[in-house]
Every structure is written in C-alpha cells, then in structure tokens.
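Single-structure report; data block below.
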Amino acid sequence: MRLDYITIFPDYFSALNVSLVGKAIETGLLGVGVHDLRQWTHDLHRTVDDTPVGGGAGMVMKPEPWGEALDDLLAADHGRSCLIITSPSGEPFTQAQAADLASYDRLLFACGRYEGIDARVAQWAAKSVEVRELSLGDYVLNGGEVAALAMTEAVVRLLPGVIGNPESLAEESYSGSLEHLLEYPVYTKPASWRGLDVPEILLSGHHAKIAQWRHDQAEELTRRRRPDLLGD
Ligand code: J9N
C-alpha cells in the first residue's frame, strides 16, 4: 500500500517510523510520502490560508495550493486510490471504515488546519478520485495530522503480513466474533500481585468455562461503558 500525506506540519509524521507501521515501511510492505503543502505556494510568505467568504471567525485554507498538490500527487497511476480529508464534520471513522480502506492500493490524506479547507477542493478532487471526509471522533483537534495518524495505524495493522498473529485481530473489540462487545479484562502472571488475585476460573484449565466467563465479563463491561453498542 502507498500512503501520502499533505500537511503544513510534516514533523508529525516522524511517528510513522516507529513500531508496526515503521516495520511495514522497512520491509517494503508500505511506501510513504509526506508533503509540505507550502511547497505548492508561490508567494513570499508561502500563504496557505485566508479569511472566510461571508464572514465569521478563523481562517480557511486556500484552494490553490491544495489543487496543485493534488494535481501533482494524483498524476501518476497508483491503482485503486482514496483521498481522505480529515475533518470534525466528516463521517465517523470506524473499524468498518478501516477494513474497507485496507483494500485500497493508495491512500492520500489531506490534513487541514484552521477552520477547514475551501469546500471546492473536495468537489474538484471528486472528479478524478474517490473522496472521503472522515472524522476521528466527536471532539475538536487543531488539525488533521493526529487524525490521519490514528486512521493510518488502524488501517495498516489490518494489512496481511503486518501483524504476526492474525488471530489477535479476530478476537478484539469492534471486529470478528466479539463484534459488538468491548474486550474482557486480561491478566498475566503472577497469580497474586499486591494482594490482588487473578480470577480463579482463569487458573482452572476449564476452557469452556473460561470462554463463558470472558463473554459474561465483556457483556457486563459493554453494558456499563458502551450500552450503545448493545442496541437493546
Ligand atoms: N475528528 C476530528 C477531526 C478534526 C480536525 S481535522 C482538521 C482540523 C480539526 N478534529 N476532530
């Protein structure tokens, strides 16, 4: 998979060289490009923003640098591509979105700042590439960089060969068999630590009873923290 990011803060993306994503880059499973939006400006001050037409607070990102950046980065054919525009007004990014995006050959993230990118940029881009406006969640960030990094990690770990043991993917919250439940609590050794004991059932060796206990725990936790996931 090929990943490109357009941003005015390229330094955020040094985090991509760490951990699983970093490994995937090293092994050639991933190709990454980080692009400073200001390289597509032409004025002395490398201006990327302007005041909103119609009035209002804050600044809006100008369409011209984005247009030129996308012209350049979409010029070559990279296979099935999706342009992702991170925005608090986007569709919610979910595990299902992550799984879907993992099937693309190329993802291009447009990371906005200020009050957003002039709406014509998404309109123009949609003439030549699939565009998704996605939100990381119902809170406001200063820019799209952190959202793009979070989405990247959620997608990349689903690519074949990135996670050593695919079973660990199937068992977790929001996917596979426990689709609508949070994960049950987990323990490791020692069996007793600072006066706190691992639940006895987990030491019993009764696999069916352990599976039942975990399911009950997951259900109770979900009822308490995320009743919206149960839908009843
Ligand atoms: N979920 C989400 C995205 C954002 C952004 S993108 C660009 C600025 C703010 N905030 N929250």
Side-chain angles (χ1 to χ4, degrees), residues 2-16 18 21 32-41 45-74 81-102 104 106-126 129-158 172-175 182 225-226 228-229:
R2 168 82 194 177
L3 299 171
D4 287 283
Y5 305 86
I6 309 171
T7 173
I8 57 168
F9 292 112
D11 289 350
Y12 270 101
F13 296 91
S14 56
L16 291 174
V18 178
V21 180
V32 171
V34 179
H35 313 274
D36 188 337
L37 178 67
R38 294 191 201 274
Q39 76 184 86
W40 289 284
T41 60
H45 295 107
R46 309 179 91 194
T47 311
V48 293
D49 62 333
D50 204 342
T51 54
V53 176
M59 297 292 270
V60 174
M61 294 193 101
K62 293 161 61 63
E64 300 95 326
W66 284 105
E68 290 191 32
L70 294 172
D71 288 347
D72 282 356
L73 295 174
L74 295 171
S81 302
C82 186
L83 171 67
I84 296 159
I85 303 178
T86 53
S87 158
S89 316
E91 240 181 88
F93 178 75
T94 60
Q95 188 64 31
Q97 283 275 359
D100 190 36
L101 292 175
Y104 284 75
R106 202 261 184 111
L107 302 178
L108 211 169
F109 288 90
C111 304
R113 285 261 144 182
Y114 313 107
E115 303 303 314
I117 304 170
D118 186 302
R120 291 169 292 181
V121 173
Q123 245 184 311
W124 178 265
V129 69
E130 185 185 334
V131 178
R132 296 194 196 183
E133 283 194 53
L134 297 179
S135 167
L136 193 58
D138 293 339
Y139 36 80
V140 180
L141 305 170
N142 284 330
E145 287 77 8
V146 167
L149 284 169
M151 292 174 195
T152 297
E153 186 158 306
V155 169
V156 166
R157 61 192 295 285
L158 300 179
E172 61 202 12
S173 301
Y174 305 116
S175 69
L182 300 181
R225 289 190 188 156
R226 293 294 307 276
D228 58 300
L229 293 178

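Counting convention: from 1, in listed order, for ligands and their atoms alike. The figures that follow rest on heavy atoms only: side chains count, while hydrogens, waters and symmetry mates do not.
Heavy-atom neighbours of D228 CG from other residues, nucleotides or ligands within 6.0 Å: above the threshold of 12. Heavy-atom contacts from other residues, nucleotides or ligands closer than 6.0 Å to CD of E64 number more than 12. At most 12 non-hydrogen atoms from other residues, nucleotides or ligands lie less than 6.0 angstrom from CD of E91.
Tested against M151, the residues V146, L101, V156, L134 include a single side chain to side chain contact (heavy atoms under 4.5 Å, CB included) partner, L134. Exactly one of R113, H35, E145, R38 qualifies for a side-chain hydrogen bond (donor to acceptor under 3.5 Å, both in side chains) with T7. That residue is E145.
The closest side-chain donor-acceptor pair between D72 and W40 falls under 3.5 angstrom.
Put simply, no part of A147 is less than 4.0 Å from ligand 1, judged by heavy atoms.
Of all atoms in ligand 1, numbered sequentially from 1 with element shown, those under 4.0 Å from a heavy atom of G144 are 6 (S), 7 (C), 8 (C). The ligand atoms of ligand 1 that sit less than 4.0 angstrom from a heavy atom of G137 are 1 (N). Near Y139, meaning under 4.0 Å from any of its heavy atoms, are these atoms of ligand 1: 1 (N), 2 (C), 10 (N), 11 (N).
Here the protein heavy atom with the shortest distance to atom 9 (C) of ligand 1 is L141 O, 3.2 Å. Scanning the protein for heavy atoms near atom 5 (C) of ligand 1, the closest one is P88 CD, 3.4 Å. Nearest non-hydrogen protein atom to atom 6 (S) of ligand 1 is T86 O, 3.4 Å. Here the protein heavy atom with the shortest distance to atom 8 (C) of ligand 1 is G143 CA, 3.4 Å.
An N or O contact shorter than 3.5 Å links S135 to ligand 1 by distance.
No donor-acceptor pair closer than 3.5 Å links the side chain of T47 to the backbone N or O of D49.
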